[in-house]
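Some notes on the structure that comes next.
In this chain, numbering begins with 1 at the start of the sequence shown.
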Amino acid sequence: MSENTERPLNFIEKIIEDDLAAGRVPGGEIVTRFPPEPNGYLHIGHIKSICLNFQLAEKYHGRCHLRLDDTNPAKEENEYIDAIKDDIHWLGFDWGKHEYYASDYYDQLYEIALRLIREGKAYVDSLSPEQMKEYRGTLTEPGKESPDRNRSIEENLRLFQEMKDGKHPEGSYTLRAKIDMASPNMNLRDPALYRIKFATHPRTGDKWCIYPMYDFTHPISDAIEGITHSICTLEFEDHRPAYDWATSIDGIEHTPHQYEFARMNVSYLLMSKRKLLYLVNNKLVSGWDDPRMPTVAGIRRRGYSPESMKDFVSRVGVAKVEGVVDYSLMEFCVREDLNKRAKRLMAVLDPLEVVIDNYPEDKCEYFEVEDNPEDPNAGRHKIAFSRSILIEREDFMETPVKGYHRLYIGNEVRLKGAYYITATSCEKDEDGKVVRVHATYDPDSRGGQTADGRKVKGTSHWVSKDHCLRVEVRQYDKLFKSPNPGEATGNYLDDLNPDSLVILNDAALEEEASRVTMDDYLQFIRNGYYHLDKDSKEGHLVFNRTCTLKDSWAKQKAKMGL
Ligand code: ATP
Ligand code: MG
């Protein structure tokens, strides 16, 4: 896998190696952080950022912090914090004792704000949010100074205290940095530092009714933690001057640096917590962990392995320019990994009964099959064979089309790992639907070898009707049918795929499946990769299709002449 092979350094590694060589890293220890805002579950895009930050720390023997950037109490929940931590652990990363919250720094941020006011570098503004926007100017026109900009230090201190004491309604006052209303960078036009918000915070409760803004909190949190390389996505490039302003406030000892890389986008997938939350809230999916969701919780439940996702993001690389990665590359990585590790089972998704008339009625014998032919260390397991078996309905045709090599009357096929059988007749219901096939077997073809060495073209997978487990199988497809959801109409909901979930209630699985757990990766031979779902109960197992087998769709289409 590409993770282990030599690859050129990415631009952030180059910066780090230069910084280390030039002695610019305090104590020689690289410190990064992954800073999610706990306002939703992590998605596949976040995996990119998690791997980047944790792997840089690993590679350069530094450390990576987990920092929950909890500056917006209105949208944040403890459920999200727990899910974020669990997902990062699932990916195989650990922040050890370095778990921090922006809210841990509220007292320090407040002290810094007071200091800025005392030094005449911040002021309390009574412009309304709308007015503030108006005064801010545009990219081509400078902003206008607020009439409150030259309020006295004493008055600023008094008003800020009153804001903190809950004496003023939301939106009535804002604490702003006094930087430069004419700056070509809009983020330096006296950015807001504190706003009034009467919201209960998941961690600080009702202690505060003023909350620091992200652009003030984030750089100072980095500085407090001694972050050396603060890595974020490109949309923060314009905020870098504000970041540098905040980390150079007098009294802040450590100066971290911000570096931006391109956000990872994958075709067919939405990577916006806001849009994903909409799908959840409107019950368009079953929850954040719906196996169709591009969330870490969703792909876990669907049966992707952490290794395959790490391989995927490492193949994508670290870029400076935004692009869209093909969904098929992600599936390729998933299949590569599952092919190596998935335990093979026989499952019949759309069963049709075949009665082998010359096989003794009360007899049952066991065949041994390999758990995984791709893995030399994999074991073997037993599968029961009896007179009445189930095969896929599509593996029998009463009147075969040209080139059909599977079972039809008079034709002989191999039952995988068992015997050769020949169909002799079929039974139909009143609608003409085939309900049962009769066949004979060749007792000398045990294990798939015949005495005369004759070959057959078709092989079917099968299970014994009286030994198999009847299970529910959820066949998932992409949640959106367009590579760029919403491109055509402007509304991503228009591109929801109505066939993204098909439930099969009567699938049959070999009895070995009763031993399967949610830690197992499975292949249902010829049908795809599957994973046990958490909805399973004693006596009612549920399996999710992780993905189809390699090229199965292309092959199927070719067969159907499409
Ligand atoms: P969203 O737009 O989905 O809400 P976000 O950027 O607001 O995402 P955060 O919780 O703030 O989500 O993200 C935590 C970290 O993950 C940030 O450093 C952010 O830059 C990074 N990140 C988010 N999305 C991606 C992505 N698609 N690719 C790479 N990194 C990402
Ligand atoms: Mg964000």
Side-chain angles (χ1 to χ4, degrees), residues 1-16 30 32-36 40-60 62 64-66 83-95 229-236 259-273 276 291 293-341 478 483 521 529 546-547:
M1 258 179 238
S2 49
E3 244 178 359
N4 304 324
T5 53
E6 282 288 318
R7 57 162 175 79
L9 297 182
N10 64 46
F11 77 94
I12 297 176
E13 289 169 331
K14 280 200 196 105
I15 291 168
I16 290 180
I30 296 299
T32 58
R33 85 283 171 270
F34 173 64
Y41 279 58
L42 297 179
H43 53 60
I44 292 172
H46 291 119
I47 296 180
K48 168 100 229 169
S49 176
I50 294 169
C51 289
L52 183 58
N53 282 293
F54 279 95
Q55 288 171 345
L56 284 171
E58 272 169 20
K59 178 167 180 182
Y60 296 104
C64 179
H65 296 182
L66 170 63
I84 287 168
K85 294 203 290 193
D86 193 46
D87 286 343
I88 301 172
H89 277 148
W90 175 77
L91 281 166
F93 298 113
D94 190 27
W95 50 93
H229 296 78
S230 177
I231 301 161
C232 62
T233 34
L234 279 178
E235 71 271 22
F236 290 102
Y259 301 96
E260 307 89 15
F261 72 102
R263 185 170 264 273
M264 186 173 78
N265 303 301
V266 182
S267 60
Y268 293 97
L269 302 184
L270 281 186
M271 306 266 213
S272 149
K273 282 184 276 188
L276 297 177
M293 287 282 270
T295 51
V296 179
I299 60 167
R300 284 173 72 169
R301 189 167 165 195
R302 186 155 171 161
Y304 289 16
S305 74
E307 290 76 15
S308 65
M309 293 314 280
K310 286 181 179 169
D311 179 36
F312 171 56
V313 301
S314 116
R315 284 173 197 256
V316 170
V318 182
K320 261 285 201 197
V321 185
E322 285 226 8
V324 180
V325 182
D326 213 283
Y327 185 90
S328 60
L329 175 64
M330 184 177 75
E331 280 212 323
F332 169 82
C333 295
V334 171
R335 287 191 185 106
E336 276 251 304
D337 172 74
L338 289 175
N339 182 44
K340 280 185 230 132
R341 66 161 81 204
K478 298 186 183 86
Y521 296 95
Y529 293 102
T546 310
C547 61

Check your understanding: Would E13 and R7 satisfy salt bridge (Lys or Arg N to Asp or Glu O under 4.0 Å), going step by step from the backbone distance to the final call?
Key -> CA-CA 11 Å; E13 289 169 331; R7 57 162 175 79; 3.1 Å; yes
Exercise for review: Run the numbers on L56 and I231 for side-chain contact (heavy atoms from CB on, under 4.5 Å), then give the verdict.
Suggested key: CA-CA 11 Å; L56 284 171; I231 301 161; 3.4 Å; yes
Practice item. Would you check, one step at a time, whether the test side-chain contact (heavy atoms from CB on, under 4.5 Å) holds for L276 with Y41? Key: CA-CA 9 Å; L276 297 177; Y41 279 58; over 6 Å; no
Exercise for review: Kindly indicate, with the supporting measurements, whether the criterion side-chain contact (heavy atoms from CB on, under 4.5 Å) is fulfilled by M271 and I44.
Suggested key: CA-CA 7 Å; M271 306 266 213; I44 292 172; 4.0 Å; yes
Practice item. Would you sort out whether F312 and E331 count as a side-chain contact (heavy atoms from CB on, under 4.5 Å), showing the intermediate values? Key: CA-CA 9 Å; F312 171 56; E331 280 212 323; over 6 Å; no
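By the 30° and 60° cut-offs, the orientation of the rings of F54 relative to F93 is parallel.
Checking side-chain atoms of R300 against main-chain N and O of P291 turns up no donor-acceptor pair under 3.5 Å. At least one donor-acceptor pair closer than 3.5 Å links the side chain of H46 to the backbone N or O of H43. A donor-acceptor pair under 3.5 Å is absent between the side-chain atoms of T32 and the main chain of H229, judged by distance alone. Looking only at distances, a side-chain donor or acceptor of K48 sits under 3.5 Å from a matching main-chain atom of G317. Distance alone, capped at 3.5 Å, is enough to place a donor-acceptor pair between the K320 side chain and the E260 backbone. With hydrogens and angles disregarded, a donor-acceptor distance shorter than 3.5 Å links the side chain of K310 to the backbone of L91.
Looking only at side-chain heavy atoms (C-beta outward), M264 and V325 come within less than 4.5 Å of each other. Side-chain contact between I16 and K59 is absent, with no heavy-atom pair separated by less than 4.5 Å. Using a 4.5 Å heavy-atom threshold, the side chains of P294 and V266 count as separate. Taking the side chain as every heavy atom from C-beta outward, M309 and C333 never approach each other to under 4.5 Å. When side chains are defined from C-beta on, P483 does not count as touching Y327, because their heavy atoms never get closer than 4.5 Å.
Between R341 atom CZ and S308 atom OG the span is 7.5 Å, to the nearest 0.5 Å. Here the OG1-CG distance, from T295 to L269, works out to 10.5 Å after rounding to the nearest 0.5 Å. Considering CD1 of I47 and CH2 of W90, their distance stands at 6.0 Å, rounded to 0.5 Å. The OG atom of S314 lies 10.5 Å from the CG atom of N10; values are rounded to the nearest 0.5 Å. With rounding to the nearest 0.5 Å, the separation of OH in Y259 from SG in C232 is 11.5 Å.
Scored by the side-chain contact (heavy atoms from CB on, under 4.5 Å) test, S328 finds D326 as partners (sequence neighbours excluded).
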